[in-house]
Amino acid sequence: MKDTSEGYVTADGRKIGGVVMEMKNITLRFGGVTAIKDISFDIREGEIRAIIGPNGAGKSSMLNVISGFYVPQEGEVWFRGEKRPPMKPYQVARQGIARTFQNIALFEGMSVLDNVMTGRLTHMTQGILAQALWKGPAEREEVENREKAEKIIDFLEIQHIRKTPVSRLPYGLKKRVELARALVSEPTILLLDEPMAGMNVEEKEDMCRFVLDVNDEFGTTIALIEHDMGVVMDLSDRVVVMDYGRKIGDGTPDEVRANQEVIDAYLGVAHD
Amino acid sequence: DLVFPDLSYRTGPYAAGGIPFSDGYRDYFTLVNERDGGIGGVKARVIECETGYNTEKGVECYEATKGEGALVYQPLSTGITYQLIPKVSADEIPLHTMGYGRTSAKNGEVFKWVFNYPANYWDAASVAIKYLLDENGGDLSGKDITLLYHNSAYGKEPIRTLENLAEKHGYNFSTIAVDHPGQEQKSQWLQIRRERPDYVIMWGWGVMNQVAIQEAANVRFPMENFIGNWWAGAEHDVTPAGDAADGYKALNMNRIADYPVFDDIQEHVVDAGLAAGDGSNVGKVLYTRGMYAAMLAVEAAKTAQEIHGTADITPAMMRDGMEALEMTEARMEELGMPGIGPEFSVSCSNHGGSGGGIVQQWDAAAGEWKPLTDYIQPDQEVIQPLIEEDSMAFAQENDISLRCNES
Amino acid sequence: MPEQFFWGVEVVLNGLMAGVLYALVALGFVLIFKASGIFNYSQGVLALFAALTLVGIMDGQVPFAHLINAALGTEIHHFGWHLPALLAILLTALVMVALAWAVQRFIFRHLVGQEPIILFMATIGLAYFLEGLGDIMWGADIKNLDVGLPQGINATIDEVTYEWFGYGFFIDNLDISATLIAAALVTLLILFAQYTKQGRAMRAVADDHQAALSVGVSLNFIWIMVWSLAGVVALVAGIMWGTKMGVQFSLSLIALKALPVLMLGGFTSIPGAIVGGLIIGVGEKLFEFLIGPMVGGATENWFAYVLALVFLVFRPQGLFGEKIIERV
Amino acid sequence: MLDAGRTDQALLEVNNIEVIYNHVILVLKGVSLSVPEGGIVALLGGNGAGKTTTLKAISNLLASERGEVTKGSIVYRGERVQDLDPSALVKRGVIQVMEGRHCFEHLTVEENLLTGAYTRSAGRADIQRDLEMVYDYFPRLKDVRRSQAGYTSGGEQQMTAIGRALMSRPEMILLDEPSMGLAPQLVEQIFEIVKSVNENEGVTFLLAEQNTNVALRFARYGYILESGRVVMDGPADELRENPDVKEFYLGVSEEGRKSFRDVRSYRRRKRWLA
Amino acid sequence: MLYREAGDFKTSYIADSQTFPIRFDRWRYYAVLAVAFGIVPFVINDYWANAVLLPFLIYAIAAIGLNILTGYCGQVSLGTGGFMAVGAYACYKLMTAFPDVSIIIHLVLAGGITAAVGVLFGLPSLRIKGFYLAVATLAAQFFLVWLFNRVPWFYNYSASGQITAPERTVLGVAVTGPEAPAWAAYLLCLVFVTVLALVARNLTRGKQGRQWMAIRDMDIAAEIIGVNPLAAKLSAFAVSSFFIGIAGALFFAVYLGAVEVGEAYGIQKSFLVLFMIIIGGLGSIFGSFAGAAFLVLLPVFLKNVLVGGLGWPSDLAAHLEFMIVGGLIIFFLVAEPHGLAQLWRLAKEKLRLWPFPY
Ligand SMILES: Nc1ncnc2c1ncn2[C@@H]1O[C@H](COP(=O)(O)OP(=O)(O)OP(=O)(O)O)[C@@H](O)[C@H]1O
Ligand SMILES: Nc1ncnc2c1ncn2[C@@H]1O[C@H](COP(=O)(O)OP(=O)(O)OP(=O)(O)O)[C@@H](O)[C@H]1O
Ligand SMILES: [Mg+2]
Ligand SMILES: [Mg+2]
């Protein structure tokens with residue numbers, strides 16, 4: 001594992017930059033339950049960082065800490081070299097951190113297009129009066145953002161369901177729409193919480209392609225929780241392993257795979 | 001035919017009061033049709049329209065019936081009255097609000113189309129105080145009188161009058177409000193129990209009356225010192241409290257008694273199967289009042305027929321009839337309802353009648369109201385300036401020029 | 001000033017009792033909300049309907065007499081019997097069970113799995129319907145209800161406290177019976193909900209209709225059960241309030257007094273209904289007593305809501321309501 | 001039931017059913033399948049293929065989603081069960097574990113399990129014993145049995161849901177995506193449990209799965225559903241060897257398993273969709 | 001074969017996000033407007049204006065307002081009556097204090113004042129959700145009504161506590177007061193409805209609407225993807241109250257002419273408007289109109305049929321009316337829980353597929 005704060009180039013030629021986000025000694029408790037115990041790790045610019053661990057280890061909680069939804073009792077979050085002051089989730093989002101959710105959190109009452117457009121909200125600035133008038137700036141803004149949204153919709157191949165209410169979509173497509181919503185905000189960091197759960201291999205392949213393309217084309221940094229070890233090991237540059245709120249491993253996929261503690265707590269016997 | 005709309009409410013929170021009133025109102029017209037062949041030979045037609053005591057429905061009813069040639073409106077709701085005052089003035093249809101509505105409409109100089117004879121709220125307040133004066137040998141100074149009122153425009157009506165009267169007679173006046181609908185009056189009655197006023201006057205309507213009387217009994221407030229206005233003095237107001245309500249007093253603008261006219265109604269209307277209700281309300285307080293209202297309308301129509309020499313009168317003629325209405329003992333006797341109301345005559349400037357009212361008392365054992373007094377005349381010295389003030393303000397706001405002076 | 005103090009105590013005591021009466025209405029809401037997530041707007045009308053039916057049965061009124069007479073030109077009104085109160089209450093309870101069945105069969109069976117607001121709307125439709133039905137069945141005039149509950153000041157308490165403190169406290173007999181009945185009712189309902197299979201199923205249904213169906217809980221049965229229970233609770237509330245104010249339309253408006261109680265205690269908590277009722281009762285009476293005179297009185301209607309609102313800002317699910325689980 | 005091995009008697013028979021949502025959306029276009037008593041049958045297929053819908057059609061949970069079976073028949077133990085309500089079906093021994101867990105959030109884990117026994121009229125002791133059985137299968141649940149289910153982790157909820165179904169002493173469990181969101185170890189564990197429940201208690205399983213790999217290792221027979229139709233079926237071992245299945249559902253092609261990093265090129269289309 | 005979507009392709013995003021993407025719908029919309037503006041004013045009479053059209057138009061505004069809050073932003077409110085009262089009293093105070101300023105400005109200002117009050121009472125919505133919020137908004141309802149009843153300044157110290165709208169003109173024609181002709185009052189309301197409906201449409205189809213709907217559908221997720229819940233909820237309260245305030249002001253000034261707060265703006269109003277949007281369809285502007293029409297027209301219609309047509313006693317008819325309205329509400333919900341608007345949408349979907357069943 002490279003330890004410099006400067007960037008390096010991976011085997012397949014992608015550039016990884018310095019640390020953009022760093023979690024320092026995070027501890028998170030719910031009443032008596034300690035979901036996260038004194039965990040530190042960092043995320044580098046442009047890398048794909050996986051977080052794995054058994055169910056209930058605290059992975060989703062960690063993402064929630066990053067996006068500001070949970071406020072840890074102890075510890076600090078550093079973003080772009082600065083300590084992040086207490087923030088509301090929407091402020092975090094406006095810093096360019098987008099995410100998807102473990103239990104799909106789409107807006108069920110809206111169409112796919114509208115859902116994707118909500119991802120552009122942070123980029124839209126027209127005031128309420130302009131919108132009431134519609135003609136003029138508001139419409140212009142709408143069209144500009146619509147173009148961006150359509151690009152992502154094309155990219156993720158969901159054009160045909162653009163106008164469908166999301167409540168009618170099958171699970172896999174919903175996940176894709178969620179990804180679209182996150183991507184369209186042009187994030188610097190993208191947090192994915194089990195993006196491939198509930199998919200078959202074919203769909204997972206699709207999804208992997210999207211994730212890699214995003215990382216490649218837009219240089220987006222990605223933090224990803226996933227239970228499919230094949231996916232994790234193939235995709236990620238570095239992996240954090242959590243168990244019962246503690247960090248039990250951190251390193252390249254190969255390092256992690258070889259870690260006995262990780263095997264005991266999570267992987268079980270490798271069955272590849 | 002002559003059209004008399006009946007804006008009734010047989011549903012909703014005030015149905016208990018609306019039903020007997022409407023029954024009486026309609027039955028009397030039926031009686032006149034059946035027994036006398038109509039008014040001056042023309043049949044009366046009553047169009048009943050349910051308002052549910054709801055202002056919007058009231059407006060709908062008004063608009064729906066006015067095209068039918070309605071002669072006079074009797075909405076039995078202060079809220080609807082306020083809606084209709086501007087409308088009837090524009091449409092030139094008379095409005096009769098008997099003992100409710102806008103008090104200052106008594107001033108016919110300002111309110112050409114609105115009548116509120118034989119009495120109004122301020123009269124009622126004054127009558128109550130007059131009665132108490134009589135009870136106390138003409139001196140109320142130092143006495144504590146509390147007004148328990150429905151917290152609405154209606155309930156607030158008597159406050160000014162009672163305040164002015166307090167100045168004049170030297171009693172201590174206080175008020176206690178009850179918010180609509182008034183099913184819970186614990187704190188109000190605890191307060192009364194604590195402060196032990198000598199008298200409680202009540203301006204209530206609907207469920208507030210029943211609960212107040214029950215609570216008064218619960219705190220053992222002496223019933224004979226508890227006086228309701230005439231919308232708080234019907235049978236259904238006291239019966240839920242049972243024997244405990246015995247002795248409760250209330251005002252009335254019309255006397256209830258076993259009038260001969262009831263026999264006619266029984267014969268020509270109820271037994272003929274033409275009654276508006278099931279006939280069980282005949283003779284009750286609000287039934288009698290409804291019938292009284294109808295009688296006043298019929299008499300006004302007759303007067304109008306005389307004035308204009310035609311049986312087929314228009315709303316404008318009806319108005320003239322109302323303005324020339326004269327109720328005498330003899331006339332009431334003739335109609336089979338001697339002494340049902342005070343004697344009064346209407347004039348251009350006075351649309352409010354004499355303002356007299358009686359005090360009646362509930363006899364729980366007999367299950368009936370017993371009149372205690374004859375018609376007591378209110379203190380016009382106090383009321384008239386108030387009416388003048390309020391109606392003039394209205395005239396000013398609405399650019400109305402006064403009528404009666406020039407003629 | 002001891003007098004002021006005694007008055008205050010009296011106000012508090014009476015507030016507690018008034019609170020119990022509110023809670024009786026709130027209980028019905030809680031039951032249905034707990035078991036189905038339905039915010040039952042018609043609970044007040046249910047109480048009215050129950051009370052009307054009770055009076056009708058006691059007095060031997062012919063149901064739909066007005067309609068029958070209007071249609072057939074007959075003149076029937078009464079069967080001419082008078083039933084003892086207890087029997088009439090039992091019969092009315094049966095009517096409420098039948099009503100529960102009908103409500104389930106014709107309305108909620110078809111709305112399984114719908115959003116709460118839709119279910120809420122359906123109860124509004126039901127409220128309209130029952131209001132009309134009650135009027136057509138039994139007439140819209142005021143009826144007296146007397147099942148033999150004592151009413152008025154409790155003389156013993158008055159005398160005893162007068163001896164002790166030199167101030168006789170006012171406690172209403174009806175309130176005392178209401179308190180006893182409410183206490184018994186709440187205890188039974190709590191035991192039922194927490195410790196029986198049906199009670200557990202009821203709570204399961206509230207959480208997730210689909211999942212409850214999938215484990216074989218019959219929504220139909222559970223809902224008929226809770227609507228029956230709510231109907232019986234409504235009957236009790238109807239008796240209490242009807243005794244106080246006569247049985248009439250305004251009885252249905254007592255629901256408005258129950259809402260702040262519900263909100264404060266939590267929509268899903270049976271003990272919450274009682275505690276909420278007590279707090280609201282005392283709060284509004286004290287406010288009216290202490291502050292009311294300064295602002296012109298008649299504050300009770302809004303004060304109850306504002307009080308509940310203030311509580312909610314600190315505990316959004318009410319005092320005892322189930323915590324809203326927010327996770328992503 | 002000592003010998004709960006494979007018998008060839010069909011316990012459940014689904015004949016050519018059509019399902020429509022909201023009166024307009026046709027989802028199943030004639031699906032037939034049969035499940036033998038004591039078997040484990042897997043229902044495979046992509047997202048939106050109609051697996052969940054099929055299971056819900058069987059357990060009669062469609063009505064609450066405004067869906068209905070418009071054609072075909074569903075026969076359980078020789079009896080048409082389409083018109084029964086779900087609880088009647090549970091009483092007959094068919095219970096569904098729904099996709100996405102659907103635990104009763106506000107009930108504790110133990111209370112969740114107890115509701116599973118709702119349709120049974122067994123005594124306290126019996127139920128207590130079954131509870132112990134479930135805790136034996138899922139020791140983790142014992143630790144969290146007093147927590148509100150809403151706060152437990154995804155895996156715990158999945159266990160609760162399966163345990164809850166077991167509490168009804170079913171003859172047949174319809175299992176919808178049991179592996180979704182579970183750690184690999186746990187997936188393995190849950191399937192092991194399915195297998196042992198199948199063997200020890202004689203419970204028949206019909207499971208809808210995305211994780212074809214695991215499903216075909218534990219199931220004995222499989223159906224593959226695409227766009228509301230059964231496109232392929234056969235014994236699990238045969239399906240596993242089928243090149244199409246290998247490529248599209250198992251992610252292994254002729255050259256062996258390839259890395260997810262290398263799947264960037266377009267692949268060939270499924271033959272049956274052409 | 002009138003109803004066709006096929007062949008009606010959009011070539012720009014502007015065309016795609018217009019209000020009526022389907023040509024046929026668009027034409028029908030223009031036709032309705034033409035009739036409403038061009039024909040109705042000439043044939044209208046007092047009855048139609050006062051019994052049906054004015055209440056319909058005014059309730060439609062209120063319903064759109066509440067729909068923005070409840071249907072789009074998911075915040076159930078039972079304070080509508082109170083907010084309408086704010087509009088009415090604001091309008092009254094403005095009308096009497098500045099008699100020379102145009103009533104149109106007063107009406108809009110009344111909306112603005114109501115918006116401010118709405119925001120104030122919307123603050124708790126940040127913590128309180130669902131039915132708890134609904135009940136909490138009742139605090140606004142009861143408090144506001146009490147306040148207007150209690151403080152004489154609001155009703156200019158009139159003896160009765162009522163407020164009466166003085167006559168005001170627009171372009172020389174009286175629109176308030178007893179002399180206002182039916183068509184003038186109608187046109188004034190119609191203009192407001194049209195403009196406000198367009199505004200509502202514009203707000204809901206763009207960024208603002210999406211923010212609201214995101215909060216409605218899943219507030220936590222919305223916040224995490226960057227919606228400021230404070231701004232979204234309060235803006236919904238503000239816009240909604242603005243609409244409702246104007247509706248309340250029109251209700252007082254143009255329709256009733258005189259009101260007493262407890263009766264005209266009581267809790268029943270709050271429920272009524274809520275019923276309208278639920279029956280009409282949450283989150284649909286068209287639904288607001290449909291719901292308002294349903295609840296204004298149905299009772300009038302039933303009354304005319306039962307009493308006028310069949311000659312039933314008016315009390316029986318009134319009771320029956322309750323049963324029928326209640327029954328119909330239930331019937332519609334069972335048939336289509338998402339309101340008349342959804343019923344309409346489904347009908348269109350079927351039409352599109354016609355003659356094939358699916
Ligand atoms: N809002 C909350 N309140 C109480 N406990 C919580 C809350 N959120 C999470 N927890 C607890 O924190 C622990 C970690 O949960 P988390 O969802 O982060 O697990 P996870 O690693 O994402 O698991 P999975 O892979 O199953 O999704 C669990 O025990 C869970 O019950
Ligand atoms: N309630 C519903 N209303 C309308 N359409 C629905 C509904 N439920 C499912 N569908 C549609 O039915 C189709 C099949 O869905 P189903 O959930 O059965 O798929 P699945 O095979 O279980 O997929 P997954 O693997 O994602 O769970 C999908 O296209 C979906 O959009
Ligand atoms: Mg997780
Ligand atoms: Mg599925």
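Quick caveat: nothing in here was measured; it's all calculated off a predicted structure. Every chain is numbered from 1 and lettered A, B, ... according to where its sequence line falls, protein lines coming before strand lines.
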**OP:** Count the heavy atoms of every other residue, nucleotide or ligand shown that sit under 6.0 Å from OH of C/Tyr162, and state whether that count exceeds 12.
**Re:** no
Picking from [options], which has the most non-hydrogen pairs under 4.5 angstrom with chain C?
options: B/Val211, B/Asn151, B/Leu190; value: B/Leu190
options: B/Pro13, B/Ala177, B/Ala217; value: B/Pro13
options: B/Lys186, B/Gln183, B/Met208, B/Arg194; value: B/Arg194
options: B/Glu215, B/Glu184, B/His180; value: B/Glu184

Original post:
So B/Tyr25 and B/Phe29, would you call those rings parallel, tilted or perpendicular, with 30° and 60° as cut-offs?
Top reply: perpendicular
**OP:** For the pair C/Phe169 and C/Phe6, name the ring-plane relationship: parallel under 30°, tilted 30 to 60°, perpendicular over 60°.
**Re:** perpendicular
Does any backbone or side-chain atom of [X] lie under 4.5 Å from a heavy atom of chain B? Answer side chain, backbone, both or neither.
X: C/Lys257; value: side chain
X: C/Asp175; value: side chain
X: C/Trp241; value: side chain
X: C/Phe170; value: both
X: C/His66; value: neither
X: C/Asn173; value: neither

Original post:
Who wins among C/Val247, C/Asp172, C/Asp135, C/Asp141 for the most heavy-atom pairs under 4.5 Å with chain B?
Top reply: C/Asp172
Residues [X] and [Y]: side-chain donor-acceptor under 3.5 angstrom:
X: B/Ser22; Y: B/Tyr287; value: no
X: C/Glu284; Y: C/Tyr305; value: no
X: C/Glu131; Y: C/Ser252; value: no
X: B/Asp6; Y: B/Ser8; value: no
X: C/Thr299; Y: C/Glu288; value: yes
X: B/Asn252; Y: B/Gln360; value: yes
X: C/Glu10; Y: C/Tyr167; value: yes

Subject >> Worked verdict on C/Gln248 versus B/Tyr14 for side-chain hydrogen bond (donor to acceptor under 3.5 Å, both in side chains) >> reply: CA-CA 9 Å; C/Gln248 54 177 314; B/Tyr14 302 111; over 6 Å; no
Original post:
Is a side-chain donor or acceptor of B/Glu195 paired with a backbone partner of B/Pro197 at a separation under 3.5 angstrom?
Top reply: no
**OP:** Please look at B/Ile176 and chain C and tell me whether the side chain, the backbone, both or neither of the residue comes under 4.5 angstrom of a heavy atom of that chain.
**Re:** neither
Subject >> Region of B/Gln214 that comes under 4.5 Å of a non-hydrogen atom in chain C >> reply: side chain
Original post:
Where along residues 227-249 of chain B does a heavy atom come under 4.5 Å of chain C, listed by residue number?
Top reply: B/His236, B/Thr239, B/Pro240
